Asker: 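Here it is, the structure, as structure tokens.
Both counts, for ligands and for their atoms, begin at 1 and track the order of listing. Computed from a prediction, not measured in an experiment: that's the story for all the values here.
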Amino acid sequence: MRRSTVIGTGFYVPPDIWTNEDMAKLMDTSDEWIQERTGIKQRHIAEEGIGCADLAKVAAEQAIADAGMTNQDIDMIIFATLIPDVFFPGSACVLQSKMPFGTIPALDIRQQCTGFIYAMAIADRFIRTGWCDNILVVGSEVHSAGLDFTTRGRDVAVLFGDGAGAVVMVSTENENEGVLDFTLHAEGEHYDKLLIPAPYGYVRGRITHEMIDNAEHYPKMDGRAVFRHAVPRFCECISEVLEKTGYSIEDVDLFIPHQANDRITNMVGERMGLPAEKVVSNIASYGNTTAATIPICICESRQDGRLKKDSLLLLAAFGSGFTWASLLMRWSI
Ligand code: ACO
């Protein structure tokens with residue numbers, strides 16, 4: 001039976017690093033506060049003028065080369081991002097303007113922290129049905145352009161970092177590799193618990209001076225509500241995908257959760273009975289890179305040897321929307 005698998009990966013983070021001490025020079029915060037509550041020590045920050053498609057280009061080039069392919073082999077782009085380069089069109093099109101891909105379809109996914117799993121799930125279904133063979137799946141974020149780096153915005157600004165990751169998904173007939181199944185969920189009644197309100201789609205002129213004065217163009221988060229929902233939703237969707245595929249938690253070789261907060265990651269690992277050595281955490285180095293987090297973790301886990309051919313890999317994420325999702329796959333490279 002035709003299914004999908006990953007044969008190439010890549011990631012890129014901008015070189016500039018802002019430590020927690022650097023943040024404390026901009027706002028009333030401290031390394032101790034940030035590390036204790038989140039596990040974050042530093043984040044990478046893009047230069048002004050660099051957008052998420054620029055970061056994605058580097059990650060995509062690596063992933064395509066790693067797959068032993070050229071751009072011409074790719075027959076669709078799926079781009080997950082929370083903030084596209086421009087209000088419209090989507091960043092998949094912007095990426096196409098930076099890399100020659102011909103006229104293949106280019107699709108944006110706006111599912112925030114869950115975006116990369118939604119994107120992989122969509123790629124899997126396009127491949128399984130035979131509509132496509134080789135899909136470039138990208139997650140990329142430049143948060144820093146839109147964070148309030150003053151004490152007013154400290155509850156959110158310390159959490160996020162910039163970065164991009166990409167995978168090439170291809171068709172396979174080998175039933176011992178690739179995506180086994182996934183779960184996708186959303187509960188839109190909580191959409192206002194984590195959002196950037198402005199520019200508004202339903203306000204004449206979209207943005208006003210008053211909105212800017214009220215900081216409505218910066219992210220707003222009810223951190224406690226996010227925390228409260230995240231842990232059970234992570235656990236539910238992990239159990240669901242294991243049940244769908246007939247595997248148990250003991251069968252999982254590596255768990256890559258979206259990196260929102262080490263406390264969330266640790267609670268999920270403990271509740272699910274996963275030993276710490278099977279749970280990937282890189283939030284200390286990058287902060288929350290949203291749609292880029294999972295592919296960055298995938299790349300680093302391959303580099304450090306934790307993710308290898310035949311590993312049973314579990315992905316799960318929770319984020320703004322609220323959205324949450326999981327995916328189980330047999331890694332094939
Ligand atoms: N530095 C210092 N003090 C701060 C900072 C900061 N950066 N931010 C907030 N504070 C202050 C607050 O003003 C508050 O002060 P007060 O008691 O005088 O009013 C105090 O710290 C406690 O604030 P809380 O919001 O109650 O802190 P909490 O312990 O809940 O931790 C946090 C906040 C880390 C955001 C937590 O709620 C959390 O982890 N939530 C999950 C949210 C998350 O991970 N979001 C990421 C995006 S969504 C996703 O990826 C799933």
Asker: Taking atom types as modelled, is there a side-chain donor on Thr5 or Ser332 under 3.5 Å from an acceptor on the other?
Answerer: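 Yes - a donor-acceptor pair under 3.5 Å links their side chains.
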
Asker: Backbone or side chain, does any N or O of Gly223 fall under 3.5 Å from an N or O of ligand 1?
Answerer: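 Yes; the residue has a nitrogen or oxygen that sits under 3.5 Å from a nitrogen or oxygen of the ligand.
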
Asker: Can you find a side-chain donor-acceptor pair between Glu210 and Thr208 that sits under 3.5 Å?
Answerer: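 No, Thr208 and Glu210 have no side-chain donor paired with an acceptor closer than 3.5 Å.
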
Asker: Do the ring centers of Tyr118 and Trp324 come within less than 6.0 Å of each other?
Answerer: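 Tyr118 vs Trp324: aromatic centres not under 6.0 Å.
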
Asker: Looking at Ile64 and Thr70, what are the two nearest heavy atoms and their distance?
Answerer: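 Nearest pair, atom of Ile64 first, then Thr70: CG2-C, 3.7 Å.
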
Asker: I'd like to know if the side chain of Asp16 and the backbone of Ala46 have a donor-acceptor N/O pair within less than 3.5 Å.
Answerer: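 No, Asp16 side chain to Ala46 backbone: no donor-acceptor pair under 3.5 Å.
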
Asker: Out of Thr151, Asn288, Asn20, indicate the one that has the non-hydrogen atom closest to atom 50 (O) of ligand 1.
Answerer: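 Checking each option, the heavy atom nearest atom 50 (O) of ligand 1 is found in Asn288.
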
Asker: How far is atom 1 (N) of ligand 1 from its nearest protein heavy atom, and which residue and atom name does that atom have?
Answerer: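 Checking every protein heavy atom, the shortest distance to atom 1 (N) of ligand 1 gives Thr29 OG1, 2.6 Å.
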
Asker: Run the salt-bridge test on Lys57 and Glu61 with the 4.0 Å N-O cut-off and return the result as yes or no.
Answerer: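 Looking at Lys57 and Glu61, the cut-off is met.
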
Asker: Considering only heavy atoms, does Gln112 approach ligand 1 within less than 4.0 Å through its side chain, its backbone, both, or neither?
Answerer: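 None of Gln112 does.
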
Asker: With the threshold set strictly below 4.0 angstrom, can you tell me whether any protein non-hydrogen atom sits that near atom 42 (C) of ligand 1?
Answerer: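 Within 4.0 Å: yes, protein heavy atom nearby.
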
Asker: Which heavy atom of the protein is the closest neighbour of atom 11 (C) of ligand 1, given with residue, atom name and distance?
Answerer: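 Answer for atom 11 (C) of ligand 1: Arg154 NH2, 3.5 Å.
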
Asker: Please state which part of Trp324 comes within less than 4.0 Å of ligand 1, counting heavy atoms only: side chain, backbone, both or neither.
Answerer: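 Neither part.
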
Asker: I need the nearest protein heavy-atom contact for atom 44 (O) of ligand 1: residue, atom name and distance, please.
Answerer: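 The closest one turns out to be Ala260 O, 3.5 Å.
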
Asker: About how many Å separate CD of Glu177 and CD of Glu175, when rounded to the nearest 0.5 Å?
Answerer: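 Glu175 atom CD to Glu177 atom CD measures 10.5 Å (nearest 0.5 Å).
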
Asker: Any idea which protein heavy atom is nearest atom 51 (C) of ligand 1, and the distance to it?
Answerer: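 Looking only at protein heavy atoms, the one closest to atom 51 (C) of ligand 1 is Phe318 O, 3.0 Å.
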
Asker: Less than 3.5 Å between some nitrogen or oxygen of Trp33 and one of ligand 1, yes or no?
Answerer: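 Yes; at least one N/O pair falls below 3.5 Å.
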
Asker: Heavy-atom contacts under 4.0 Å between Ile34 and ligand 1: side chain, backbone, both, or neither?
Answerer: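 It is neither; nothing of Ile34 touches ligand 1.
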
Asker: Are His258 and Phe318 an aromatic pair, judged by ring center distance below 6.0 Å?
Answerer: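 Not close enough - the centres of the two rings lie 6.0 Å or further apart.
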
Asker: If only atom types and distance count, is the side chain of Asn288 paired as donor or acceptor with the main-chain N or O of Thr290 below 3.5 Å?
Answerer: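 Yes; judged by distance alone, with no hydrogens or angles, the pair exists.
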
Asker: Looking only at protein heavy atoms, which one is nearest to atom 36 (C) of ligand 1, and how far off is it?
Answerer: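 Closest protein heavy atom to atom 36 (C) of ligand 1: Arg263 NH2, 3.9 Å.
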
Asker: Which atoms form the tightest heavy-atom contact between Pro295 and Ala166, and what is the distance?
Answerer: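 Shortest heavy-atom contact: CB-N, 3.8 Å.
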
Asker: Ignoring hydrogens, tell whether any protein atom lies closer than 4.0 Å to atom 13 (O) of ligand 1; use the non-hydrogen atoms only.
Answerer: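 Yes; the ligand atom in question has protein heavy-atom contact below 4.0 Å.
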
Asker: Ignoring hydrogens, tell whether any protein atom lies closer than 4.0 Å to atom 16 (P) of ligand 1; use the non-hydrogen atoms only.
Answerer: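 So atom 16 (P) of ligand 1 lacks protein heavy-atom neighbours under 4.0 Å.
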
Asker: With a heavy-atom distance limit of 4.0 Å, tell me whether Met221 approaches ligand 1 through its side chain, its backbone, both, or neither.
Answerer: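 Looking at Met221 and ligand 1, just side chain atoms fall under 4.0 Å.
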
Asker: Provide, to 0.1 Å, the distance between atom 25 (O) of ligand 1 and the closest protein heavy atom, together with that atom's residue and name.
Answerer: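 Going atom by atom, the protein heavy atom closest to atom 25 (O) of ligand 1 ends up being Arg224 NE, 4.7 Å.
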
Asker: If we set the cut-off at 4.0 Å for heavy atoms, which region of Thr290 has an atom near ligand 1: side chain, backbone, both, or neither?
Answerer: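 It is neither; nothing of Thr290 touches ligand 1.
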
Asker: Determine the minimum heavy-atom distance between Cys113 and Ala317, stating which atoms define it.
Answerer: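 Nearest pair, atom of Cys113 first, then Ala317: O-CB, 3.5 Å.
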
Asker: Please could you name the atoms of ligand 1 that Phe160 approaches to less than 4.0 Å, counting only its heavy atoms?
Answerer: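 It comes down to these atoms of ligand 1: 47 (C).
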
Asker: Identify the protein heavy atom lying closest to atom 48 (S) of ligand 1, giving its residue, its atom name and the separation to 0.1 Å.
Answerer: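 Protein heavy atom with the smallest distance to atom 48 (S) of ligand 1: Leu194 CD2, 3.3 Å.
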
Asker: Of Asn261, Val158, Val231, which has the heavy atom at the shortest distance from atom 38 (C) of ligand 1?
Answerer: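 Checking each option, the heavy atom nearest atom 38 (C) of ligand 1 is found in Asn261.
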
Asker: Give a yes or no on whether the backbone of Pro100 and the side-chain of Asn71 come within a donor-acceptor separation of less than 3.5 Å.
Answerer: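 At least one qualifying donor-acceptor pair exists.
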
Asker: Considering only protein heavy atoms, which is closest to atom 28 (P) of ligand 1, and at what distance to one decimal place?
Answerer: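 Protein heavy atom at minimum distance: Arg37 NE, 3.7 Å.
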
Asker: Hey, could you give me the OG/CD1 distance between Ser144 and Ile83, rounded to the nearest 0.5 Å?
Answerer: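 Rounded to the nearest 0.5 Å, the OG-CD1 separation comes out at 10.5 Å.
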
Asker: Can you check whether Thr38 has an N/O within less than 3.5 Å of an N/O in ligand 1?
Answerer: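 It does not: no N or O of Thr38 is found under 3.5 Å from an N or O of ligand 1.
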
